[in-house]
Amino acid sequence: MRELMLGNTAVARGLYEAGCAVISSYPGTPSTEITEEAAKYPEIYCEWAPNEKVALEVAHGAAVGGRRAACCMKHVGLNVAADPLFTISYQGVEAGLVLCVADDPGMFSSQNEQDSRHYAIAAKVPMLEPSDSQEALAFTKRAFQLSEEYHTPVIVRMCTRISHSQSIVTKGARQEVPKRAYVKDPERVMMTSNSLKAHYRVEERTRAMTAFSETTDLNRIEMGDPSLGIITSSTSYQYVKEVFGDKASVLKLGLSWPMPVEKIKNFAAQVDRLLVIEELEPIIENHCRQIGVEVMGKEKIPMVDELTQGVIARSLGQEAKPWVRLEEDIPGRPPVMCAGCPHRGVFYTLAKNKCMVYGDIGCYTLGVMPPLNALDLNICMGASCSGLHGFNLAGGAEHEKHSVAVIGDSTFAHSGITGIADIAYNRSNSTVLILDNSITGMTGHQQNPTTGRNLRGEPAGKIDLEALCRAVGFDRVRVVDPNDLKAMDQVLKEELAAEEPSIIISRRPCVMLKSVKKAPPLTVDLDKCNGCGLCMKIGCPALSLRGEKVEIDRTQCVGCQVCMQMCHRDALLP
């Protein structure tokens with residue numbers, strides 16, 4: 001059966017057809033839909049884990065238990081999962097273990113642009129790179145076969161353009177794979193001599209897979225005009241075909257690690273000039289030079305941002321194909337928190353109190369945008385808590401009375417708990433705000449360990465945030481409604497003045513949740529409104545100044561009444 005399918009949906013279909021039994025993941029754009037789509041197959045147990053490290057450990061445990069397993073994450077999530085990945089590579093697997101990792105060239109929803117191929121090389125595990133939805137399905141199935149044949153975890157590397165594009169896929173039937181019996185083997189304990197022996201096995205495996213890369217159909221040559229040869233992979237292959245067609249010969253690497261040697265040398269001998277076109281780092285290019293093959297690469301092709309047909313053509317001095325332009329320019333639309341977002345009151349209060357705000361990863365990162373301008377910095381998930389601790393150690397009372405960390409409920413469960421444990425244990429006078437909006441908002445409303453629901457929406461265990469914070473050593477734990485600006489301001493001032501560590505839990509569900517009832521939109525009393533603009537300071541997209549009066553967009557306003565608390569003339573009415 002043929003079907004138009006999103007790349008991520010095709011990966012999920014590949015997991016299903018391969019007989020995968022367990023998937024543990026953490027949501028992260030552009031990878032999230034893989035697990036969400038896989039959860040629609042009742043044959044697969046799917047879960048959201050607290051973070052990517054846990055997800056990989058769960059998947060590995062399932063593979064040790066004899067079932068094919070997978071975990072899915074975005075590129076920065078692989079940083080979190082790297083610790084178990086390197087040792088699992090040494091230990092090896094019997095049942096198939098696949099990591100689906102989605103990179104984000106162009107940083108559409110990420111804080112950096114790292115290239116996950118480095119991890120495949122460093123951890124010495126094979127990596128497959130599909131270039132369309134059909135390959136996404138097929139390569140996922142092949143990944144399990146390679147995993148079991150070579151006793152290794154395998155990474156399937158997606159990218160935003162492949163994950164979120166659609167192409168035709170031919171679906172197949174599910175392969176039910178018998179459970180493998182668990183056999184106790186003391187040499188699987190990675191210590192001293194066992195680890196050294198394992199490293200020898202890993203090097204032998206890499207040599208065997210390098211030999212495999214020479215003949216596998218995952219790497220294919222498409223001969224066209226021999227005056228130019230191009231080595232490429234992933235989505236770059238699609239751009240190459242659009243720009244050059246048959247005017248170049250192409251070596252497409254579907255197995256991007258380990259890469260072949262003789263195949264590349266033979267291809268180079270058949271063309272006059274050789275060019276490597278790849279997104280981000282010069283991984284293929286460096287490999288070619290290391291084996292003595294002269295190529296052009298990053299001296300022509302940019303190393304920053306995602307590639308396009310136009311970027312490639314212009315980089316090589318060619319005229320890019322024309323694209324359709326609208327007759328009028330579309331005005332810019334900067335990212336902004338939704339109308340009624342519960343984080344708005346928090347950031348307005350923090351800005352009003354001139355706080356140094358150590359941010360974290362979530363939709364609340366938008367607190368940096370004007371007119372709030374409240375966020376100072378962010379690094380990675382969970383860094384706000386531990387980073388604030390260090391900031392306050394450096395500045396003492398001068399910092400402690402004016403600085404806070406902000407972290408969402410899902411990110412707190414992901415990696416914030418250890419950060420607040422450090423604060424409580426080492427007693428810096430730090431104030432942490434947990435923005436509990438009852439969902440993982442930044443990736444499209446996934447459940448997490450603080451919501452009381454699992455991936456399929458069924459009742460599940462729920463972290464009691466107040467009890468947890470007290471359990472790790474906080475005596476001061478406050479809960480406040482962020483839409484009550486007066487209460488928010490009072491609680492913040494009191495906790496910053498306290499001479500001990502404190503937690504403020506800002507609790508109100510995300511306004512976009514279907515379970516949240518919206519109030520009728522507000523109206524403006526034009527006789528009372530003098531256009532002072534005070535209500536505009538909260539940055540609500542439902543508010544605008546038209547002439548000398550405030551106007552409310554009734555299609556956006558959800559009646560949260562935060563703006564009413566800003567108006568001294570009672571011009572905003574429910």
Side-chain angles (χ1 to χ4, degrees), residues 22-29 31-42 44-55 57-59 71-73 77 80 338 340-343 345-346 360-364 381-382 384-385 406-421 432-472 474 477-484 503-518 558 560:
V22 174
I23 301 174
S24 182
S25 305
Y26 184 82
T29 306
S31 73
T32 306
E33 298 88 354
I34 299 173
T35 306
E36 290 179 328
E37 291 295 321
K40 295 177 181 178
Y41 298 107
I44 309 177
Y45 168 83
C46 295
E47 69 172 28
W48 292 129
N51 63 36
E52 296 86 355
K53 176 179 183 291
V54 172
E57 291 162 349
V58 169
C71 64
C72 310
M73 63 199 72
V80 182
C338 304
C341 175
H343 303 329
V346 173
D360 221 294
I361 307 302
C363 47
Y364 44 87
M381 308 238 337
S384 59
C385 302
V406 295
I407 187 168
D409 52 330
S410 179
T411 306
F412 178 74
H414 179 285
S415 49
I417 298 171
T418 48
I420 69 160
V432 175
L433 277 73
I434 302 174
L435 310 186
D436 181 7
N437 67 348
S438 307
I439 204 70
T440 307
M442 61 178 167
T443 48
H445 289 172
Q446 289 77 34
Q447 304 294 336
N448 67 67
T450 74
T451 67
R453 298 278 174 179
N454 65 16
L455 171 56
R456 290 190 165 99
E458 303 156 343
K462 181 179 181 179
I463 291 176
D464 184 328
L465 291 175
E466 295 95 306
L468 187 151
C469 292
R470 291 190 178 98
V472 301
F474 284 81
V477 180
R478 307 281 295 276
V479 179
V480 64
D481 180 353
N483 280 8
D484 185 339
I503 299 284
I504 300 172
I505 301 173
S506 162
R507 179 165 289 149
R508 178 173 278 266
C510 173
V511 72
M512 299 303 290
L513 289 172
K514 293 179 180 178
S515 59
V516 174
K517 293 183 178 179
K518 317 300 189 290
V558 296
C560 71

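Hydrogens, waters and symmetry mates are skipped; everything else that's a heavy atom, side chains included, is used.
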- Query: Taking only residues two or more places apart in sequence, or in another chain, which ones meet K518 in a salt bridge (charged side-chain N to carboxylate O under 4.0 Å, His left out)?
  - Reply: none

- Query: Does a side-chain heavy-atom distance below 4.5 Å link F412 with I420?
  - Reply: yes

- Message: Just verifying a value: how many Å separate D484 CG and R508 CZ, rounded to the nearest 0.5 Å?
- Response: 9.0 Å

- From E47 CD over to C71 SG, what is the distance, rounded to the nearest 0.5 angstrom? 10.5 Å

- Task: Would you name the heavy atoms of G28 and T443 that are closest together and state the gap between them?
- Result: CA-CG2, 3.8 Å

- Task: Any chance you could measure L435, atom CG, to S506, atom OG, to the nearest 0.5 Å?
- Result: 5.5 Å

- Query: Are any of the side-chain heavy atoms of I434 and C469 separated by less than 4.5 Å?
  - Reply: yes

- Do S25 and I34 touch side chain to side chain, with heavy atoms closer than 4.5 Å? no

- Item | Rounded distance (nearest 0.5 Å) linking atom CD of Q446 with atom CD1 of I439 | 7.5 Å

- Message: For P509 versus P342, what's the shortest heavy-atom pair and its separation?
- Response: O-CG, 3.8 Å

- Query: Heavy-atom distance under 4.5 Å between the side chains of N437 and D409, does that happen here?
  - Reply: yes

- Note on the structure: Note: G416 and C385 closest approach over all heavy atoms is O-SG, 4.0 Å

- Tightest non-hydrogen contact, residues R456 and A39, listed as NH2-O, 2.8 Å

- Query: Do the non-hydrogen side-chain atoms of M73 and Y26 ever get within less than 4.5 Å of each other?
  - Reply: no

- In terms of side-chain heavy atoms, does Y364 have a donor or acceptor partner in T411 at a distance below 3.5 Å? yes

- Check: C72 and T35 side chains under 4.5 Å, non-hydrogen atoms: yes

- Min side-chain heavy-atom separation N454-Q447 under 4.5 Å: no

- Item | By side chain to side chain donor-acceptor pair (under 3.5 Å) - contacts of T32 (at least two apart) | none

- Task: Supply the atom-to-atom distance E52 CD to M381 CE, rounded to the nearest 0.5 angstrom.
- Result: 6.5 Å

- Pairs flagged by salt bridge (charged side-chain N to carboxylate O under 4.0 Å, His left out) wherever residues 458-470 is involved - sequence neighbours left out: E466-R507

- Looking only at heavy atoms, which two atoms of S438 and T451 are closest? And how far apart? O-CG2, 3.3 Å

- Would you say the side chain of E36 lies within less than 4.5 Å of the side chain of W48, judging by non-hydrogen atoms? yes

- In Å and rounded to the nearest 0.5 Å, what is the CD1 to OG1 distance from I463 to T450? 6.5 Å

- Message: For a quick test of reading the model, state the closest non-hydrogen atom pair linking S384 to I407 and the distance between them.
- Response: OG-CB, 3.6 Å

